[in-house]
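Predicted, not measured: the structure shown is a model, and the values here were computed from it. Order of the sequence lines sets the chain letters (A, B, ...), proteins ahead of strands, with each chain counted from 1.
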Protein chains: 2
Amino acid sequence: MNATPRWLNPEQQAAWDGFIRMQEKLIGRLSRRVQADSRMSPADYIVLAKLTEAGGRMRFMDLTKLVEWEKSRMSHQVARMAKRGLVSKEECPDDGRGAFIVATPAGREAIEEAAPVHVEHVRRLFIDALTQEELDSLARISNRVLAHLEKQPD
Amino acid sequence: MNATPRWLNPEQQAAWDGFIRMQEKLIGRLSRRVQADSRMSPADYIVLAKLTEAGGRMRFMDLTKLVEWEKSRMSHQVARMAKRGLVSKEECPDDGRGAFIVATPAGREAIEEAAPVHVEHVRRLFIDALTQEELDSLARISNRVLAHLEKQPD
DNA sequence: ACCAGTTGGTTGACGTGTCACCCACCCTAG
DNA sequence: CTAGGGTGGGTGACACGTCAACCAACTGGT
């Protein structure tokens, strides 16, 4: 049929399938837990975490780059979070287009409450499954893939 | 503050952050590629792949369990795919509630066209980044996490 | 001073995933 | 045969992510 089929060999297939399955189940479980016991989505969590980590007040685009999202995604997200009272927007005097994103007291409270619970789930579902060597190995592999991705087009 | 902070140590944190970043970027890139050059979403891809692999005709719930999805998700997905002509639904004579999901000719054609491209992207973005030992190592780690998840509550 | 290009940020449409709830049909105990 | 529970499957509302287009404000060069 195809001049260059190049299917994966069994070991490669096993690695890919296993990774995909693991990642789906792990992320799925974790985000459902986060949502269930902190009434925050994973997206809320990471945005608030990075924001408060940086002092609770940031320019929109800086925040967007910090979490490595597309600006449109962040814009929608911030709008939703503002609606829920987790953050608010302020105008930027230096740049007429600009906006500051500010964590509200409710937002700070929410993340401070959610953070330990989140860490506990990460530990329980992921860290505890693996030895330190396995964790190191996974970190190395992840960085290799990340470095590879940066070199690849698209 | 907290009686049991138990934050992650630096190595654990590095492993978790690296994994999360890698997984997000990799999955993101791959699904955008799939969508861009086959006009199918990753969800379409996996459903059609599993379905045709099983002969192109399956009971709804069997398919749902095969891909390990929630039934509601599959229901929505199948509805969308039916709207796009990739699959169709048939009644089940044996069980009045039941439904068969059938891959249409267009669906078969779509997956046969998409599959090699998909594999090529997986290879280019992921497999090629790693040695065979690293792939094996990742497969082992994934299976450990999966096994651990099954033992954990929630 | 002006205009072209870039940057900061928003918007709307659309596909997707989840949750909660629903309904219809099947099955088994009594 | 019938009530009650389980199973097969659908639905509607909502949160989320992407894409493409858009607008306003800031550059820089001429």
Side-chain angles (χ1 to χ4, degrees), chain A residues 23-25 27-47 58-102 154, chain B residues 23-25 27-47 58-102 154:
Chain A
Q23 163 265 341
E24 270 171 16
K25 301 231 178 247
I27 302 297
R29 282 268 280 271
L30 187 60
S31 46
R32 261 166 276 151
R33 292 279 3 142
V34 170
Q35 197 128 18
D37 47 44
S38 73
R39 218 51 185 168
M40 278 171 71
S41 72
D44 295 340
Y45 181 83
I46 188 169
V47 168
M58 260 180 121
R59 281 293 295 269
F60 177 90
M61 259 301 150
D62 293 343
L63 181 55
T64 302
K65 281 166 192 151
L66 188 59
V67 300
E68 299 177 283
W69 279 8
E70 296 179 15
K71 58 185 182 174
S72 153
R73 182 179 179 184
M74 185 60 82
S75 184
H76 284 304
Q77 182 65 30
V78 164
R80 287 185 301 250
M81 291 174 74
K83 198 169 301 174
R84 279 176 266 156
L86 296 173
V87 300
S88 63
K89 279 183 269 191
E90 290 178 11
E91 291 179 22
C92 173
D94 298 0
D95 188 331
R97 309 161 290 187
F100 280 102
I101 311 302
V102 189
D154 318 322
Chain B
Q23 162 266 342
E24 271 172 14
K25 300 231 176 245
I27 302 296
R29 280 267 280 272
L30 187 61
S31 46
R32 261 165 278 151
R33 291 281 1 145
V34 170
Q35 197 128 16
D37 46 45
S38 74
R39 219 52 184 165
M40 278 171 72
S41 72
D44 295 341
Y45 181 83
I46 190 170
V47 168
M58 262 179 119
R59 282 294 295 271
F60 177 90
M61 260 301 151
D62 293 343
L63 181 56
T64 301
K65 281 166 192 151
L66 188 60
V67 301
E68 300 177 281
W69 280 8
E70 295 180 16
K71 60 185 180 175
S72 155
R73 181 181 180 182
M74 185 61 82
S75 185
H76 284 303
Q77 181 66 28
V78 164
R80 287 183 302 248
M81 291 175 72
K83 198 168 303 176
R84 280 175 266 158
L86 296 172
V87 300
S88 62
K89 280 182 268 190
E90 289 177 11
E91 290 180 22
C92 175
D94 298 2
D95 188 332
R97 310 161 289 184
F100 279 103
I101 311 301
V102 190
D154 317 321

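Using a 4.5 Å heavy-atom cutoff, the side chains of B/Glu68 and A/Glu24 are not in contact. With a 4.5 Å cut-off on side-chain heavy atoms, A/Lys89 and A/Phe100 do not count as touching. At a threshold of 4.5 Å between non-hydrogen side-chain atoms, the residues A/Asp44 and A/Arg80 do not count as touching.
If you find the closest nucleotide of DNA chain C to B/Asp44 and to B/Arg97, the one lying nearer the 5' end belongs to B/Asp44. Nearer to the 5' terminus of DNA chain D, by closest-nucleotide assignment, is the contact made by B/Lys65 (compared with the other of B/Lys65 and A/Gln35). Sequence order on DNA chain D of the closest nucleotides to B/Gly28 and A/Gly96 puts B/Gly28 first from the 5' end.
Shown for residues 69-84 of chain B: residues whose heavy atoms fall under 4.0 angstrom of DNA chain D, namely B/Lys71, B/Ser72, B/Ser75, B/His76.
Taken from CZ in A/Arg59 to NZ in A/Lys65, the straight-line distance is 9.5 Å, to the nearest 0.5 Å. For the atom pair OH of B/Tyr45 and CG of B/Leu30, the computed distance is 9.5 Å after rounding to the nearest 0.5 Å. Summarising the geometry, atom CE belonging to B/Met74 is positioned 8.5 Å from atom CE belonging to B/Met81; distances are rounded to the nearest 0.5 Å.
Think of the region where chain A sits on DNA chain C: with heavy atoms and a 4.0 Å cut, that region ends 5' and 3' at C/dT7 to C/dC19.
Distance B/Glu24 CD to D/dC16 C1': 13 Å, rounded to the nearest Å. Atom C1' of nucleotide D/dA15 and atom CE of A/Met40 are separated by 14 Å, given to the nearest angstrom. Protein atom CG of B/Leu30 is 16 Å distant from nucleotide atom C1' of D/dT18, rounded to whole Å. When rounded to the nearest whole Å, the span between CZ of B/Phe100 and P of D/dG10 equals 13 Å. We find that CZ of A/Arg32 is positioned 15 Å from C1' of D/dC16, with the value rounded to whole Å. What separates CD of A/Glu68 from C1' of D/dT18 is a distance of 18 Å, to the nearest Å. Rounded to an integer number of Å, the gap from A/Ile27 CD1 to D/dC16 C1' is 15 Å.
Remark: side-chain polar atoms of B/Ser75 are not paired, donor with acceptor, to backbone N or O of B/Lys71 under 3.5 angstrom.
A side chain to side chain contact (heavy atoms under 4.5 Å, CB included) with B/Ile101 is found for exactly one of B/Asp62, B/Thr64, B/Val87, namely B/Val87.
Within 4.0 Å (heavy atoms only), B/Ser41 reaches sugar-phosphate atoms of the nucleic acid but no base atom.
No side-chain N or O of B/Arg32 forms a donor-acceptor pair with one of B/Gln35 less than 3.5 Å apart.
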